[in-house]
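Here's the structure we're looking at; comments come further down.
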Amino acid sequence: MWADEAILRDLLMAEGGVFRGVVGFGTGTTVIKGVHVMNDLAQCVLGGAPAGEGDLLCRVIREDKIEGGEDNSDARLRADAALGPAYSRAFPETLGAREITQLRAGIGALLSFDGGMYRAGDRMASGLATHRALLGFEGFRRFGVGRYLARVIGDAGRARLGDLFESPTDPLTRALAPLMVEEALRETQPPSTQASSLSEFDICLGAALTTLISQPLTKPTLLRLFLLASSLGICLKLLGVGAPGGRPTALATSAEDVGPGRLLRQEAVQSFRRGIERLDAEIARRASAHPAWKQVLLTKPRRGAPGFDAGSPPEEVIAAARRSADSIYWPDTFAIALGRKAGCVMPKRDQAGWGKHLVLTGDVVEALILMFVPPGCPAEPWPNLWDRVRTELGLVIGADDFGDPQVLRSTGVLHVSAEDLAKNSDNVLAMAIRRGVARRLPDSGAEAGGALQ
């Protein structure tokens, strides 16, 4: 489109660019995974990762990798001055070569189940290694998603997460205890130079996430639910850019409704698109105020490409960039990639023919309920709970017969059926009941949370 697309890309994507100012973190990838977010967050809370960078674990699970001069043999690791003592403690020679190889292969199958661990020095991360001594220096910290989450959960949330990552109570940490080496933590990410103020949405999300990790559940369960809730929260944040208080109006359907006439799918797609339209409008507004904006407008376009002058509306420029600037990673594609992996954005692949939209899995429904009904509090009526979710996070499922249709129509989802919304709410309730966090009442009502946990 432009003779020098790099001008626009830098304006939008650089460290001090528009995207970070609009969203609060970087979005320059489409391969982000939950393990990257949680590893980043853990290091923000703890103050870094062990200086050994996870090299011992990487070498332990790569006994059969010999290409490129890599030598992870039993004899080589025992002779290593830095890693040998811990390796020998974990794998005494009396075990025998066969048993040691089997143990190492088993650890590899567990820790690198998602392919997130590489050769030593290549910045590993494992989604199941949830202790401070097992963290690695993976390379996605540069986007600052963990820093954003650490900000929104506040002091109480950071203290609770720190306790979880210090805790040795989960089965994997206990199993890997012989391989854990106490090392000083090293922080690899400099403090952010562009920390925007928190929106009302950010504050509500942080409070809800802190409530979630205060629940009396096991460490693995809490961290898994926290990850899913955070992934949904990041999607909602992107959809709420430009809306009052940063809150979207996002309709979510049940992930278990997979019939050919999937309930409210078209309406959910519409609400998702409205959020992206607001996002683009805010990007255009901020980009037009950037010092480099005139360069974008006045750069001579390639032959046959659209040209712009000083009077071109910013919205048209951003829309054209969406169509033809292939090197730009838009914030919504980042959120969609993360949401798809968490199961809260469908379809899984663009070839499905439907637009993107939010869905709620049973895990995410459980997380939402535990985010809004604190431990020790009585169960909350189903409509009241989802009224709070809508008011604080902008998520709509149809639990309010009057309010939900009204708020959806006010944001451009015009042809929405109150009957379909009620069915959608019933579908979500059925998932919550199966998860043990809700129940129906004799008067045909329902409640969630409380003593049901």
Side-chain angles (χ1 to χ4, degrees), residues 34-35 37-47 127-128 130-132 135 145-173 198-237 247 342 344 360-382 384-395 431-432 435-439 447-453:
V35 60
V37 174
M38 293 303 289
N39 189 57
D40 184 9
L41 176 58
Q43 293 186 52
C44 290
V45 168
L46 296 170
L128 297 179
T130 57
H131 188 273
R132 68 187 296 273
L135 300 177
V145 183
R147 184 184 293 125
Y148 162 73
L149 291 172
R151 287 184 66 212
V152 303
I153 60 177
D155 291 340
R158 289 191 292 269
R160 175 58 176 149
L161 269 179
D163 289 342
L164 289 173
F165 281 103
E166 296 275 6
S167 170
T169 58
D170 60 287
L172 188 141
T173 299
L198 296 178
S199 67
E200 293 176 10
F201 170 86
D202 295 330
I203 294 169
C204 291
L205 175 63
L209 290 172
T210 301
T211 297
L212 171 61
I213 54 176
S214 301
Q215 299 287 350
L217 300 171
T218 65
K219 171 183 170 179
T221 299
L222 287 177
L223 292 179
R224 178 176 58 84
L225 293 177
F226 184 94
L227 169 59
L228 295 173
S230 298
S231 299
L232 174 63
I234 288 169
C235 292
L236 292 172
K237 178 174 177 61
R247 293 188 182 90
C344 60
L360 299 182
T361 64
D363 285 333
V364 173
V365 170
E366 179 180 358
L368 284 165
I369 290 172
L370 296 178
M371 290 165 70
F372 283 88
V373 185
C377 291
E380 187 159 354
W382 184 255
N384 294 10
L385 169 72
W386 289 98
D387 181 68
R388 289 177 55 209
V389 174
R390 184 190 70 197
T391 301
E392 297 187 22
L393 299 184
L395 186 66
M431 287 194 295
R435 303 296 301 208
V437 291
R439 65 178 178 184
E447 62 182 14
L452 296 168
Q453 300 167 24

Fill in: Note, V152 side chain near L198 side chain (heavy atom, < 4.5 Å)
yes
Worksheet item: How far apart are the closest heavy atoms of F201 and G233, and which atoms are they?
Response: CZ-O, 3.5 Å
Worksheet entry | Stepwise salt bridge (charged side-chain N to carboxylate O under 4.0 Å, His left out) check, R160 with D163 | CA-CA 5 Å; R160 175 58 176 149; D163 289 342; 5.1 Å; no
Worksheet item: How far apart are the C-alpha atoms of L232 and L236, what are their side-chain angles, what is the distance that settles it, and do they pass the side-chain contact (heavy atoms from CB on, under 4.5 Å) test?
Response: CA-CA 6 Å; L232 174 63; L236 292 172; 4.0 Å; yes
Practice prompt. Please report the shortest heavy-atom distance between T221 and L217, naming the atom on each side.
Written response: CG2-CD1, 4.1 Å
Worksheet item: For A432, what residues pass the side-chain contact (heavy atoms from CB on, under 4.5 Å) criterion, not counting sequence neighbours?
Response: V365, I369, W382, V437, A438
Item to complete: Measure from the side-chain N and O atoms of R247 to the backbone N and O of E392, and report whether any donor-acceptor pair falls under 3.5 Å.
Response: yes
Fill in: Any side-chain heavy-atom pair of I153 and L205 under 4.5 Å
no
Discussion item. Quick one: does any side-chain atom of K219 pair with a main-chain N or O of T169 as donor and acceptor, under 3.5 Å?
Written reply: no
Item to complete: Using side-chain contact (heavy atoms from CB on, under 4.5 Å) as the criterion, list what pairs up with E380, not counting sequence neighbours.
Response: V373, N384, L385, R388
Discussion item. Please give me the minimum heavy-atom distance between L212 and A367, naming the atom from each residue.
Written reply: CD1-O, 4.0 Å
Worksheet item: Which atoms form the tightest heavy-atom contact between P168 and T173, and what is the distance?
Response: CA-CG2, 3.7 Å
Item to complete: In sequence, state the C-alpha distance, the side-chain angles, and the governing distance for S231 and V37, and then conclude on side-chain contact (heavy atoms from CB on, under 4.5 Å).
Response: CA-CA 9 Å; S231 299; V37 174; 6.0 Å; no
Fill in: Full working for salt bridge (charged side-chain N to carboxylate O under 4.0 Å, His left out) between R147 and D40
CA-CA 7 Å; R147 184 184 293 125; D40 184 9; over 6 Å; no
Practice prompt. List for me each residue that meets ring pair (Phe, Tyr, Trp, His ring centres under 6.0 Å) alongside Y148, sequence neighbours excluded, and say none if there are none.
Written response: F25
Item to complete: Output the distance between atom CE (M38) and atom CG (L164), rounded to the nearest 0.5 Å.
Response: 8.5 Å
Fill in: Between SG on residue C344 and CG on residue L360, distance to nearest 0.5 Å
8.0 Å
Worksheet, complete the sentence: Taken in chain and number order and not counting sequence neighbours, the residues that satisfy salt bridge (Lys or Arg N to Asp or Glu O under 4.0 Å) with D363 are R224, R435
Worksheet item: Side chain of R158, backbone of V45: donor and acceptor closer than 3.5 Å?
Response: no
Discussion item. Would you compute the distance between atom CG of L209 and atom CG of L370 and round it to the nearest 0.5 angstrom?
Written reply: 12.0 Å
Fill in: L225 side chain near V364 side chain, heavy-atom distance below 4.5 Å
no
Worksheet entry | Least distance between heavy atoms, G34 atom then L227 atom | CA-CD1, 3.5 Å
Item to complete: Show the numbers, then the answer: is there a side-chain contact (heavy atoms from CB on, under 4.5 Å) between R390 and L395?
Response: CA-CA 5 Å; R390 184 190 70 197; L395 186 66; over 6 Å; no
Discussion item. With side-chain contact (heavy atoms from CB on, under 4.5 Å) as the criterion, how do D170 and T130 come out once you've worked through the C-alpha distance, each side chain's angles and the decisive distance to 0.1 Å?
Written reply: CA-CA 8 Å; D170 60 287; T130 57; 3.8 Å; yes
Worksheet item: Shortest non-hydrogen contact from T210 to S214?
Response: O-OG, 2.7 Å
Worksheet, complete the sentence: Taken in chain and number order and not counting sequence neighbours, the residues that satisfy side chain to side chain donor-acceptor pair (under 3.5 Å) with T361 are none
Discussion item. Suppose we screen for side-chain contact (heavy atoms from CB on, under 4.5 Å). Which residues come up paired with A208, at least two apart in sequence or across chains?
Written reply: M371, F372
Fill in: Distance, nearest 0.5 Å, that separates CG of L46 from CG of L161
9.0 Å
